[in-house]
Structure formats: structure tokens, C-alpha cells
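Because the structure is a prediction, the values reported are computed rather than measured.
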Amino acid sequence: MQSRWICRCFLAVASAFTGCNRADPLPPTAVLAPVPGSESVQVKSVVVPVRHEVASDEPRVRIHLTMVEIHSRGPFPKELPDLWTSKETSSVFSTDEIQAAVVEAEKTGMARGRAWADLEVASGQTGDWDSNGGAIAGVTVTVTMGSDGLVQVSFVAPQDKPNTEQTIPNESKADLRENETLVVAGPTSHGYSTEISTYPYLGDIPVIGPLFFSAKKTTKVSNKALFLLSWEAIPK
């Protein structure tokens with residue numbers, strides 16, 4: 001009896017000891033703490049973006065459009081083509097040449113350029129920039145790819161209506177190579193300044209003070225705009 005009791009006690013102690021030291025598998029969501037004295041390592045997941053390309057049998061081109069505003073507070077920049085004094089409302093220039101002319105005109109403070117988002121257009125299709133805040137609504141371009149490295153461009157942009165302050169759509173057509181830019185005369189923007197004057201002391205009287213104010217429309221500002229259109233081929 002005594003030997004059996006001693007054996008049972010030994011088995012109970014051994015079972016309790018081995019049970020306390022048995023480690024269950026960690027669940028998948030468990031986080032292991034770093035070992036003291038070692039650096040913790042963080043593993044970040046890598047997301048690989050997937051590009052969705054639209055298949056198209058027609059060749060595509062990327063259109064670059066810049067609008068150059070020419071200030072009226074001084075002489076017309078000699079670097080830029082003054083299409084308003086000629087019979088032609090558009091002309092083709094070397095891209096490097098016209099870009100250098102815009103830079104020089106900006107240095108003198110007589111012009112400033114604003115490039116719009118590039119537009120991808122397939123051959124035979126028409127694109128527009130109306131989605132860019134509508135600031136140049138009505139500006140469209142239609143391209144036709146030629147076999148000799150030329151792109152036939154049909155560019156529609158608002159231009160001045162003769163003898164009025166209104167604009168009408170005007171179409172310019174040209175054959176452009178990849179290193180050429182079509183320059184088109186754009187509309188003239190009109191601005192007015194208002195001068196407000198008041199009589200001394202009387203204008204400061206509460207309630208009735210505004211009765212002694214006088215407003216006068218003084219200055220008319222007319223800034224001319226140029227549209228610069230160029231393209232580059234998009235590899236298939």
C-alpha cells in the first residue's frame with residue numbers, strides 16, 4: 001500500500017510539472033515580443049499597383065497645352081508672335097524657339113504661362129479640357145496621325161468676336177511634327193478698376209456716411225492670350 005501511494009504521488013507531481021511547462025501553439029494573430037537586448041523588426045506589407053491599360057488599335061498622342069497671358073500694361077513682348085496685328089490667327093514655330101520666347105517674356109514681367117494637364121487623344125478622336133475647372137471651356141483638339149511623322153491637328157479655341165467684347169469659337173488647322181508648336185491667338189480678357197472717394201469727415205458719419213461716397217470706374221485692362229499646342233507620340 002505504501003509503495004502504491006508513493007508511486008501515485010510521483011506521477012501526480014510529474015504530470016503537474018510537465019503540464020506547467022507545455023506551451024500551446026500561438027494563434028495566428030498573436031504578436032511575439034522582441035527578445036530583451038535585440039531590436040524589434042517590423043514587417044510591412046508591400047502593395048504592388050496594377051496598371052490597367054486600355055487596348056486601342058489606333059495610335060495615340062499626348063497633347064501639351066499652355067496658355068500664355070500677355071499683359072497690356074506695356075509694349076507687346078518682341079519675343080512672342082503678335083498674331084493680332086497680322087492677318088493670320090495661328091502659326092507654327094519650333095517648340096524650343098517658342099518656349100525660349102515665353103521664358104524671356106516672363107522675365108520682363110510682360111507675360112505669364114500656365115500649362116494645362118496633358119491630354120491623350122487617339123487618332124481620329126477629339127479631346128477637350130473642360131474637366132480642368134472649366135477655365136478653358138470650349139477648347140478642343142482633333143488629331144489624325146500621318147504616315148510621314150506628321151500629325152494633322154484641328155484646334156478649336158475661343159477668340160475675339162470683331163468689334164465686340166464677346167468670344168466665338170475659331171478653328172485652326174496645321175500639320176505638326178513632334179518638335180513643333182502651334183501658336184494660336186486666344187481671346188482678350190477685359191478688366192475694370194473702380195475708384196471710391198469720400199468727402200472728409202462727412203463720410204465717417206454713421207448711417208448717412210455712405211451718402212457722401214462716390215464711385216468711379218477708371219481703368220480698362222485688356223490682356224491678350226496665346227494658346228501653345230504641341231504633341232508627343234505614345235509608344236504602344
Side-chain angles (χ1 to χ4, degrees), residues 49-70 80-84 86-102 105 111-190 222-236:
V50 180
R51 295 183 60 185
H52 298 281
E53 297 183 357
V54 179
S56 176
D57 295 334
E58 296 295 333
R60 303 175 69 87
V61 296
R62 182 175 292 111
I63 302 294
H64 307 292
L65 177 64
T66 302
M67 184 171 65
V68 179
E69 185 182 18
I70 302 169
L80 296 176
D82 190 355
L83 298 174
W84 293 270
S86 63
K87 296 181 180 179
E88 300 293 333
T89 59
S90 63
S91 187
V92 177
F93 295 86
S94 164
T95 298
D96 293 339
E97 175 187 348
I98 196 65
Q99 286 180 349
V102 172
R112 63 178 179 180
R114 179 177 180 182
W116 297 94
D118 292 343
L119 193 68
E120 293 187 4
V121 183
S123 180
Q125 295 182 352
T126 299
D128 63 79
W129 284 268
D130 285 353
S131 59
N132 291 286
I136 52 174
V139 179
T140 62
V141 61
T142 305
V143 298
T144 304
M145 302 290 292
S147 58
D148 52 356
L150 289 175
V151 170
Q152 298 175 359
V153 175
S154 175
F155 182 64
V156 178
Q159 291 182 351
D160 290 337
K161 186 176 182 180
N163 303 321
T164 68
E165 293 185 2
Q166 300 176 350
T167 58
I168 55 176
N170 193 9
E171 183 177 11
S172 300
K173 295 183 178 180
D175 293 335
L176 292 179
R177 298 191 182 276
E178 200 166 4
N179 59 348
E180 293 180 333
T181 295
L182 175 65
V183 181
V184 181
T188 302
S189 60
H190 303 284
S222 299
N223 294 333
K224 297 177 179 179
L226 284 174
F227 290 108
L228 314 180
L229 188 78
S230 59
W231 66 272
E232 65 174 324
I234 299 177
K236 286 188 176 182

Gap separating the OG1 atom of T181 from the CD atom of E97, nearest 0.5 angstrom: 9.5 Å

In Å, rounded to the nearest 0.5 Å, how long is the span from OG1 of T144 to NZ of K173? 9.5 Å

I want to check something: taking the side chain as every heavy atom from C-beta on, are V184 and Q159 in contact at a cut-off of under 4.5 Å? yes

Between the CG atom in D160 and the OG1 atom in T167, the distance rounded to the nearest 0.5 Å is 7.5 Å

Gap between atom CD1 of I63 and atom CD of E232 - 0.5 Å precision: 9.5 Å

Would you say that E69 contacts R114 through its side chain, given a criterion of any heavy-atom pair below 4.5 Å between the two side chains? no

4.5 Å side-chain heavy-atom contact, P158 and V139: yes

Could you tell me the separation between the CG atom of N170 and the CZ atom of F155, rounded to the nearest 0.5 Å? 10.5 Å

CE (M145) and CH2 (W231) are apart, to the nearest 0.5 Å, by 5.0 Å

Counting C-beta onward and ignoring hydrogens, is there a side-chain heavy-atom pair between L226 and L83 closer than 4.5 Å? yes

Side chains of P169 and T140, heavy atoms from C-beta outward: is any pair under 4.5 Å? no

Please test L65 against L119 for side chain to side chain contact (heavy atoms under 4.5 Å, CB included), starting from the C-alpha separation and ending with a verdict. CA-CA 8 Å; L65 177 64; L119 193 68; over 6 Å; no

Restricting to non-hydrogen atoms, name the atom on A122 and the atom on V143 that form the minimum distance, rounded to 0.1 Å. O-CG2, 3.7 Å

Residues R177 and D148: closest non-hydrogen pair is NH1-O, 3.4 Å

Show the nearest heavy-atom pair for residues L176 and L229, with the distance to one decimal. CD1-O, 3.8 Å

With the side chain counted from C-beta on, respond yes when F227 and L182 share a heavy-atom pair under 4.5 Å apart, and no when they do not. no

Should T126 and V121 count as side-chain neighbours, where that means a heavy-atom distance under 4.5 Å? no

Closest heavy-atom contact between E120 and R60? O-NH2, 3.7 Å

Of all heavy-atom pairs linking S230 and E180, the shortest is CB-O, 3.6 Å

When every non-hydrogen atom of T188 is compared with those of S222, the smallest separation belongs to CG2-CB, 3.6 Å

